[in-house]
**Student:** 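Have a look at this one.
Below, chain A is the first sequence line, B the second, and so on; all start at residue 1.
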2 protein chains.
Amino acid sequence: MTIDAVNPNPDDKTLAALLSAHRVYPTAQRLMVARILFARHQHATADGLLHALHAAGQRVSKATVYNTLARFVEAGLLREVIVDNQHTFYDSNTRPHHHFYNLDSGELTDVNIATPLAVRDHDLPAGTTLDSVDIVIRIRNAAG
Amino acid sequence: MTIDAVNPNPDDKTLAALLSAHRVYPTAQRLMVARILFARHQHATADGLLHALHAAGQRVSKATVYNTLARFVEAGLLREVIVDNQHTFYDSNTRPHHHFYNLDSGELTDVNIATPLAVRDHDLPAGTTLDSVDIVIRIRNAAG
DNA sequence: TTAATTGCAAACATTTTGCAGGTTC
DNA sequence: GAACCTGCAAAATGTTTGCAATTAA
């Protein structure tokens, strides 16, 4: 059960319950982060979140934002998306899907196509198991 | 024509011709890098290359290794593979293929399956064109 | 000779870490 | 009360940049 299945604009009580259900202590700072991330599906960066929180007058430190994001990923509340070594994106949509990455704008968007890529264990190198399949479709703005 | 189609272990003359053909001045340092990269298909990192060159007694600076790799990518001699924010991998196999990334070992290996993913322009967001499709299959070492 | 490249060190951006004080269960 | 979290500043990492000296065409 993902948060968006429950409520598209969750209140703090719902968010606190969500964090607790994932064994993440619902501290004030984590709720601030969750409030932004789980209001809707989005692709956030640590720096972007920090700025958004500060702009909203919230008191959170950089370290806490990083720690919180790492904790959420570990708990399965967020998915890390690696498309660019300059920034790590955190995707609040944890359901299977893939991405368009616009090389010109740096914008990351969801691709809602079914993955025609069935990976079976016997396709993998010996002694390994599947973690995930990431598909990134890199695009550019059309010239002219 | 890729270098490996010509010679699996190219000599300096062949390498210099390859660089020139791609409008890359064949300087001593670039040949050192090319000698390693194009001896066989591989996934190198800037730091790994620098160490390999220094271990071999070659005199190259860190900046030159980075500049050279960027120049080779720009010239189409190498392909950048983004799988991990800690390192950028440079793949000397520029033919279309995908990757296994072992999260436990950090090892990157080629997947030689045909991509069952045909992306057409009308599948892309309006006003954009396709650059590339990157598929990364993340794996872990099997427990036990 | 003209444009391009190299090396060095310093600058950068992002992320991580150590630790004292505060918070959660 | 025991375990966990926060904020700050400092450190670590990987990569880029500025510039004088050198090399390629």
Side-chain angles (χ1 to χ4, degrees), chain A residues 12-13 15-36 43-54 57-75 77-78 80-90 106 108, chain B residues 12-13 15-35 43-54 56-75 77-78 80-90 106 108:
Chain A
D12 281 9
K13 205 170 142 191
L15 287 172
L18 178 74
L19 300 198
S20 294
H22 286 254
R23 297 185 191 167
V24 176
Y25 281 20
T27 67
Q29 289 80 358
R30 287 171 177 177
L31 284 173
M32 292 175 197
V33 173
R35 220 175 281 139
I36 294 184
H43 305 107
T45 61
D47 203 56
L49 268 174
L50 187 64
H51 278 86
L53 289 165
H54 284 174
Q58 307 279 33
R59 247 183 79 268
V60 204
S61 71
K62 199 184 349 182
T64 296
V65 170
Y66 277 99
N67 288 338
T68 297
L69 290 170
R71 195 78 190 70
F72 282 10
V73 168
E74 188 186 39
L77 290 162
L78 287 181
E80 244 174 349
V81 184
I82 311 288
V83 287
D84 164 347
N85 332 40
Q86 256 50 96
H87 310 274
T88 302
F89 285 91
Y90 294 89
L108 190 67
Chain B
D12 282 8
K13 206 170 141 190
L15 288 172
L18 178 74
L19 300 198
S20 295
H22 286 257
R23 299 187 190 166
V24 175
Y25 281 18
T27 67
Q29 289 79 359
R30 286 172 178 176
L31 285 174
M32 293 176 196
V33 173
R35 217 175 283 138
H43 305 107
T45 60
D47 204 55
L49 269 174
L50 187 64
H51 278 85
L53 289 166
H54 284 174
Q58 308 279 32
R59 248 184 78 268
V60 205
S61 71
K62 197 183 352 181
T64 295
V65 170
Y66 277 100
N67 288 339
T68 296
L69 290 170
R71 194 80 188 69
F72 282 9
V73 168
E74 189 185 37
L77 289 163
L78 287 180
E80 244 175 350
V81 184
I82 311 287
V83 287
D84 166 346
N85 306 35
Q86 256 52 96
H87 310 274
T88 301
F89 285 91
Y90 294 88
L108 191 66

**Student:** Rounded to whole Å, please give me the gap between CE in A:Met32 and P in D:dC5.
**Tutor:**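 Between P of D:dC5 and CE of A:Met32: 16 Å.
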
**Student:** For B:Thr45 and B:Gly48, which heavy atoms make the closest approach, and how far apart are they?
**Tutor:**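 Result for this residue pair: OG1-N, 3.0 Å.
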
**Student:** Of the candidate nucleotides D:dG7, C:dT16, D:dG14, which contains the atom at the shortest distance from the side chain of B:Tyr66?
**Tutor:**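 Comparing D:dG7, C:dT16, D:dG14 against the side chain of B:Tyr66, the answer is D:dG14.
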
**Student:** Say you draw a straight line from CG of A:Leu69 to OH of A:Tyr90; how long is it, rounded to the nearest 0.5 Å?
**Tutor:**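 Interatomic distance, A:Leu69 CG to A:Tyr90 OH, rounded to 0.5 Å: 5.0 Å.
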
**Student:** Whole Å only: how far is the CG atom of A:Asp47 from the P atom of C:dT15?
**Tutor:**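 From A:Asp47 CG to C:dT15 P: 8 Å.
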
**Student:** Tell me the bend of the helix from C:dT1-D:dA25 to C:dC25-D:dG1 as the angle between end helix axes, each from five pairs, rounded to the nearest 10 degrees.
**Tutor:**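 The two end axes of the helix from C:dT1-D:dA25 to C:dC25-D:dG1 meet at 40°.
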
**Student:** What's the separation between atom CZ in A:Arg23 and atom CZ in A:Arg71, rounded to the nearest 0.5 Å?
**Tutor:**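 So the gap between those two atoms works out to 10.0 Å.
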
**Student:** Where along residues 80-90 of chain B does a heavy atom fall under 4.0 Å from DNA chain D?
**Tutor:**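 Here the set is B:Gln86, B:His87, B:Thr88.
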
**Student:** Using whole Å, report how far CD of B:Gln29 lies from P of D:dA24.
**Tutor:**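 Those two atoms, CD and P, are 9 Å apart.
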
**Student:** With B:Asp47, which residues qualify under salt bridge (charged side-chain N to carboxylate O under 4.0 Å, His left out), at least two apart?
**Tutor:**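 With sequence neighbours excluded, B:Asp47 shows a salt bridge (charged side-chain N to carboxylate O under 4.0 Å, His left out) to no residue whatsoever.
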
**Student:** Ignoring hydrogens and angles, write down the donor-acceptor pairs under 3.5 Å from the side chains of residues 81-88 of chain B, residues two or more places apart or on other chains.
**Tutor:**
from, atom 1, to, atom 2, distance (Å)
B:Asp84, OD1, B:Gln86, N, 2.5
B:Asp84, OD2, B:Tyr101, OH, 2.8
B:Asn85, ND2, A:Thr88, OG1, 2.4
B:Thr88, OG1, A:Asn85, ND2, 2.5

**Student:** Output the rounded distance in Å from CG (B:Leu69) to C1' (D:dT15).
**Tutor:**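 Going from B:Leu69 (CG) to D:dT15 (C1'), I get 11 Å.
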
**Student:** Could you state the atom-to-atom distance from NE2 of B:His54 to P of C:dT6 in whole Å?
**Tutor:**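 Answer to the nearest Å: 13 Å.
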
**Student:** Is the number of heavy atoms from other residues, nucleotides or ligands within 6.0 Å of NE2 (A:His51) greater than 12?
**Tutor:**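 No, not enclosed.
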
**Student:** Rounded at 0.5 Å granularity, tell me how far CG in B:Leu77 sits from NE2 in B:His22.
**Tutor:**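 Spacing of CG (B:Leu77) from NE2 (B:His22) equals 4.5 Å.
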
**Student:** Nearest 0.5 Å please: distance from the CG atom of A:Leu50 over to the CD atom of A:Gln58.
**Tutor:**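 Reported to 0.5 Å precision, the distance equals 11.5 Å.
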
**Student:** For B:His43, what residues pass the ring-ring contact (aromatic ring centres under 6.0 Å, His included) criterion, not counting sequence neighbours?
**Tutor:**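 With neighbours one apart ignored, the set is B:His99.
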
**Student:** Can you measure B:Leu19 atom CG to D:dA25 atom C1' for me and round it to whole angstrom units?
**Tutor:**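 Spelled out: CG on B:Leu19 to C1' on D:dA25 is 15 Å.
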
**Student:** Heavy atoms under 4.0 Å is the rule here; annotate nucleotides 18-25 of chain C 5' to 3' with B where the base is hit, S where only the sugar-phosphate is, and - elsewhere.
**Tutor:** -------S

**Student:** Report the distance from atom NZ of B:Lys62 to atom P of D:dG14, rounded to the nearest whole Å.
**Tutor:**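 From B:Lys62 NZ to D:dG14 P: 10 Å.
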
**Student:** Which of these nucleotides, D:dG7, C:dT6, D:dT6, is closest to any side-chain atom of A:Arg59?
**Tutor:**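 Of the options given, the side chain of A:Arg59 lies nearest D:dG7.
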
**Student:** Could you tell me whether the side chain of B:Arg30 and the main chain of B:Tyr25 form a donor-acceptor pair under 3.5 Å?
**Tutor:**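 Confirmed, B:Arg30 side chain pairs with B:Tyr25 backbone.
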
**Student:** So which nucleotide from C:dC8, C:dT15, C:dT5 ends up closest to the side chain of B:Arg71?
**Tutor:**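 The answer is C:dT5.
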
**Student:** Give the rounded distance in Å between these two atoms: CZ of B:Arg30 and C1' of D:dA25.
**Tutor:**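 Rounded to whole Å, this separation is 13 Å.
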
**Student:** Of the non-hydrogen atoms in A:Gly106 and A:Phe89, which two are nearest, and what is the gap between them?
**Tutor:**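 Heavy atoms only, the tightest pair is O-CZ, 3.7 Å.
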
